[in-house]
Amino acid sequence: MESTAGQATVPSTRAARAPARLPGLDGIRGIAALFVVLHHCWLLSFPGFPADTGPAWAGWLVYGHLAVVMFIVLSGFSLAVSPARSGWRLNGLRRFAYRRAWRILPPYWAALLFSLVVAWTLIPQPGQGSPTVKSVVVYGLLVQDLFGSPSPNGAFWSIAVEAQLYVVFPLMLLVLRRAGAAVLLAVLTVVVALIGLLAPSVPAVDLFMRLTPQFAVLFAIGAVAAGVAAGTTPGMTAPGTAHREASPWPSRLPWLVLGAAAPVVLLIVVRGPAWTVDHYFWVDLAVGPAAGLLLASVAAGRPRPLVRLLDTRALRRLGSFSYSLYLIHAPIVVVVNRMVLAPRLTPGVTMFLATLVLTVPLTLLAAWLFASVFELPFQRHRGWGALRAAVLRR
């Protein structure tokens with residue numbers, strides 16, 4: 001998932017007023033990626049999902065999908081930080097497309113190759129057959145949400161959705177610039193809600209559910225939140241970054257986050273995991289505003305204790321290779337759980353704890369090494385020439 005929100009490039013006209021890095025966002029990204037890892041460890045240790053068959057103290061790990069929701073909102077926020085400070089304009093569509101492809105595809109394709117090798121030589125993903133030639137083509141072209149084929153990696157489903165959101169992102173900025181944030185969010189929400197309402201009874205509409213359409217609203221919420229943080233969202237009254245200290249707005253953001261999140265958390269607790277998973281379409285839409293407000297609040301430096309925690313060196317480091325962690329953890333977790341532990345342990349707490357002890361350090365180390373080769377160099381060097389020169393210097 002997107003991993004540059006904490007390193008947003010600031011245009012020179014605003015450089016004196018806008019920080020080059022927004023503290024705390026890397027920490028959110030790192031925690032979300034680690035949450036997905038823990039969720040998959042839970043899934044493989046307690047059968048019966050979406051029923052919660054594990055101990056009560058681990059029940060929160062049922063909801064790993066919500067970490068992906070945070071990733072999508074954060075991705076929209078990340079991509080919109082610079083346009084929000086530049087009149088909601090991209091610095092060229094071709095340049096935007098090239099930089100997205102340069103940033104996302106090399107580690108994704110490397111992780112795809114790794115996942116295919118694991119699935120072909122060791123063990124495929126649970127519930128999936130061995131990947132086929134069609135799998136290679138479909139996943140290589142990032143259209144796995146459109147065409148069914150055996151999955152080589154259980155985490156790859158969301159990468160296709162995010163890539164498709166990149167395609168519509170320039171259109172979102174155009175609507176934001178000309179019509180305002182309220183129009184963008186209202187139009188998207190109405191269209192997506194109609195899809196959700198009609199899908200159960202209209203087969204043609206149900207086809208759109210393969211695209212996870214609610215993520216378009218979440219992505220737009222992230223973009224609007226970036227404008228709120230910068231004080232440039234059309235129709236919003238939040239002040240610019242230059243007036244944050246003099247305005248009460250930033251201090252109110254944490255309370256707005258709590259106000260938006262509390263009803264959703266209460267609903268999830270009352271209705272339970274089976275209902276929540278079955279209604280993720282609507283739950284995602286309900287979680288979106290709280291996630292967007294959280295990002296705007298952290299970007300504004302509030303609440304300060306939380307921002308300081310999220311900006312600790314350990315969480316910043318985790319966030320720096322969170323995309324790699326997301327991409328490669330699933331095959332590793334499956335190999336350890338199914339091939340090493342399953343022959344020796346029965347499903348339950350012992351298997352879960354053993355899976356955590358073995359896979360969390362292993363996936364973190366593997367993701368850091370993977371990122372060092374396939375992710376971080378593409379962050380630091382924006383083209384083949386610069387990358388080739390850096391390799392030669394080493």
Side-chain angles (χ1 to χ4, degrees), residues 1-2 4-6 8 22-29 31-32 35 63 65-85 88 158 161-162 165 168-169 172-173 175-176 180-190 192-193 212-241 244 249-265 267-268 280-303 306-307 310:
M1 313 303 287
E2 178 56 47
T4 57
L22 296 175
L25 298 186
D26 284 328
I28 292 176
R29 183 181 303 106
I31 291 172
F35 186 24
Y63 306 108
H65 173 88
L66 297 182
V68 181
V69 169
M70 177 55 73
F71 271 131
I72 295 297
V73 180
L74 182 53
S75 185
F77 185 99
S78 170
L79 291 186
V81 166
S82 183
R85 296 164 176 167
W88 295 103
S158 66
V161 178
E162 185 159 353
L165 289 171
V168 301
F169 179 66
M172 289 185 182
L173 293 186
V175 175
L176 258 173
V183 172
L184 172 65
L185 293 178
V187 170
L188 274 177
T189 302
V190 168
V192 169
T212 324
Q214 71 270 28
F215 280 12
V217 178
L218 300 176
F219 196 79
I221 288 174
V224 171
V228 172
T232 59
T233 301
M236 296 294 182
T237 57
T241 54
R244 282 178 181 161
W249 175 263
S251 63
R252 295 171 182 166
L253 279 171
W255 296 106
L256 293 175
V257 174
L258 290 176
V264 185
V265 173
L267 178 66
I268 291 173
Y280 263 149
F281 179 91
W282 302 106
V283 172
D284 291 353
L285 292 175
V287 169
L293 286 168
L294 174 63
L295 296 179
S297 180
V298 170
R302 302 299 178 93
L306 174 62
V307 175
L310 292 172

From CA spacing to verdict: side chain to side chain contact (heavy atoms under 4.5 Å, CB included), Leu22, Phe77: CA-CA 11 Å; Leu22 296 175; Phe77 185 99; 3.8 Å; yes

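- The one candidate from Leu285, Val73, Ile72 that meets the side-chain contact (heavy atoms from CB on, under 4.5 Å) condition with Phe215 is Ile72.
- To the nearest 0.5 Å, atoms CD1 (Ile28) and CG (Leu306) are separated by 7.0 Å.
- Of all heavy-atom pairs spanning Ala216 and Leu165, the tightest one is CA-CD2, 3.6 Å.
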Leu253 and Leu256: CA distance, side-chain angles, deciding distance, side chain to side chain contact (heavy atoms under 4.5 Å, CB included) verdict: CA-CA 5 Å; Leu253 279 171; Leu256 293 175; 4.3 Å; yes

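- Separation of atoms CZ (Phe219) and CG (Leu74) is listed at 10.5 Å; rounding is to 0.5 Å.
- Without hydrogens or angle criteria, Ser297 side chain to Arg302 main chain gives a donor-acceptor distance under 3.5 Å.
- Between Leu295 and Met70, the closest side-chain pair of non-hydrogen atoms falls below 4.5 Å.
- Taking both residues in full, the closest heavy atoms of Ala67 and Phe35 are given as CB-CD2, 3.6 Å, listed atom of the first, atom of the second, then distance.
- Counting all heavy atoms, side chain and backbone alike, Ala225 lies closest to Gly292 at CB-O, 3.3 Å.
- Side-chain contact check for Val192 versus Gln214: some heavy-atom pair is nearer than 4.5 Å.
- Annotation: side-chain contact (heavy atoms from CB on, under 4.5 Å) contacts of Val307 (sequence neighbours excluded): Pro23, Val298.
- Across Gly288 and Leu218, no two heavy atoms sit closer than the pair CA-CD2, 3.4 Å.
- Residue Ala84 comes nearest to Gly227 through the heavy atom pair CB-CA, 4.0 Å, listed as atom of the first residue, atom of the second, then distance.
- By the 4.5 Å heavy-atom criterion applied to side chains, Val175 and Val187 are not counted as neighbours.
- In this structure a side-chain-to-backbone donor-acceptor pair under 3.5 Å is missing from Ser75 to Phe71.
- The side-chain heavy atoms of Leu310 and Ile31, taken from C-beta on, include a pair separated by under 4.5 Å.
- A heavy-atom distance below 4.5 Å is found between the side chains of Leu188 and Met172.
- Not counting sequence neighbours, the partners of Tyr63 by the side-chain contact (heavy atoms from CB on, under 4.5 Å) test are Leu66, Ile268, Pro273, Thr276, Tyr280.
- Residues that satisfy the side-chain contact (heavy atoms from CB on, under 4.5 Å) test with Leu173, not counting sequence neighbours, are Pro83, Trp88, Leu90, Phe169, Leu176.
- Between Ala286 and Val264, the shortest heavy-atom distance links the atoms O-CG2, 3.6 Å.
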